Amino acid sequence: MSEVRVPSPIKNRISNVFIPVRNIEHARDWYCKLLGVAPDGEILFGHLYALPMDGTSLVLDQMPMWGGNEPGGPPTYQTPAFMFQTENIQASYEFMKNNEVELVTEIQNEQWFAFRDPDGNLLMVCK
């Protein structure tokens, strides 16, 4: 007996990843510097900024509906929800170090390392 698959209207594609931040302007500037892009996009609705990316969009969000209006801001990622790609893991690590980014790990297995953004979100760079 085989399983019957019901067609889904949901695509198997991720269009956006949201990162919770406490200060949209500060986060925009930090991420734009990290990715080497100009911070010239518009902040939408006072709390959203879509970073110019190749592929899946990355959206910084003060998340007023999800805790952004609370004194501590929205909850942060304590496990990396995605990874940034690099072709040179050593150069990426040195870039982060030189820009005083909080490094959580050293380069692991010559493939990846973890770091925190200014809001405390745990993120990753991977070769």
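On a predicted model such as this, the values are computed, not experimentally measured, just so you know.
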- Closest heavy-atom pair, T76 versus Q78, reported as atoms and distance to 0.1 Å, is OG1-NE2, 2.6 Å
- Identify the two heavy atoms, one from F45 and one from L48, that lie closest to each other, and give their separation to 0.1 Å. CD1-CD1, 3.8 Å
- Message: Taking atom CD as the centre, does E87 end up with more than 12 heavy-atom neighbours from other residues, nucleotides or ligands that are less than 6.0 angstrom away?
- Response: no
- Query: Given F82 and I14, is the side-chain contact (heavy atoms from CB on, under 4.5 Å) satisfied, shown in steps?
  - Reply: CA-CA 11 Å; F82 64 90; I14 294 173; over 6 Å; no
- Query: Applying the 4.5 Å side-chain criterion to the ILVMFWY set and letting contacts propagate, would V125 and W112 be lumped into a single cluster?
  - Reply: no
- Query: Are any non-hydrogen side-chain atoms of T86 and Y93 less than 4.5 angstrom apart?
  - Reply: no
- Message: Strictly distance-based, threshold 3.5 Å: is any side-chain N or O of R22 a donor or acceptor partner for the main-chain N or O of D119?
- Response: yes
- Task: Classify the ring geometry between F113 and F115 as parallel (under 30°), tilted (30 to 60°) or perpendicular (over 60°).
- Result: tilted
- Item | Intermediate values then yes/no, side-chain contact (heavy atoms from CB on, under 4.5 Å), R116 and V104 | CA-CA 7 Å; R116 291 196 187 277; V104 175; 3.7 Å; yes
- Task: Spell out, as yes or no, whether a donor-acceptor pair under 3.5 Å connects the side chain of N121 to the backbone of P20.
- Result: yes
- Query: Do W30 and V101 have side-chain heavy atoms sitting under 4.5 Å apart?
  - Reply: yes
- With M53 as reference, evaluate L35, V17, N16 under the side chain to side chain contact (heavy atoms under 4.5 Å, CB included) test and give the passing residue. L35
- Note on the structure: Nearest heavy-atom contact between E25 and I43 is CG-CD1, 3.8 Å
- Task: Examine distances only and state if a side-chain atom of D61 and a backbone atom of M63 form a donor-acceptor pair shorter than 3.5 Å.
- Result: yes
- Knowing that exactly one of L51, V59, D117 qualifies, which makes a side chain to side chain contact (heavy atoms under 4.5 Å, CB included) with I19? D117
- Any chance you could measure E110, atom CD, to Q108, atom CD, to the nearest 0.5 Å? 11.0 Å
- Is it the case that more than 12 heavy atoms not belonging to Q85 sit under 6.0 Å from its CD atom? no
- Item | Rounded distance (nearest 0.5 Å) linking atom NZ of K97 with atom CD of E106 | 8.0 Å
- Are the side chain of Q62 and the backbone N or O of I24 linked by a donor-acceptor pair below 3.5 Å? yes
- Item | Euclidean distance, K127 NZ relative to I107 CD1, rounded to 0.5 Å | 9.5 Å
- Note: P39 and C32 closest approach over all heavy atoms is CA-SG, 3.6 Å
- Query: Is Y31 reachable from M83 through a run of I, L, V, M, F, W or Y residues, each pair having side-chain heavy atoms under 4.5 Å apart?
  - Reply: no
- Message: Are L34 and F18 connected into the same hydrophobic cluster when the rule is that any two of I, L, V, M, F, W, Y join if their side-chain heavy atoms are below 4.5 Å apart?
- Response: no
- Supply the atom-to-atom distance L122 CG to E102 CD, rounded to the nearest 0.5 angstrom. 9.0 Å
- G41 backbone acceptor or donor facing Y49 side chain under 3.5 Å: yes
- Query: Would you say R13 and T56 make side-chain contact, with heavy atoms under 4.5 Å?
  - Reply: no
- Task: Taking the side chain as every heavy atom from C-beta outward, state whether F84 and L58 have any pair of such atoms under 4.5 Å apart.
- Result: yes
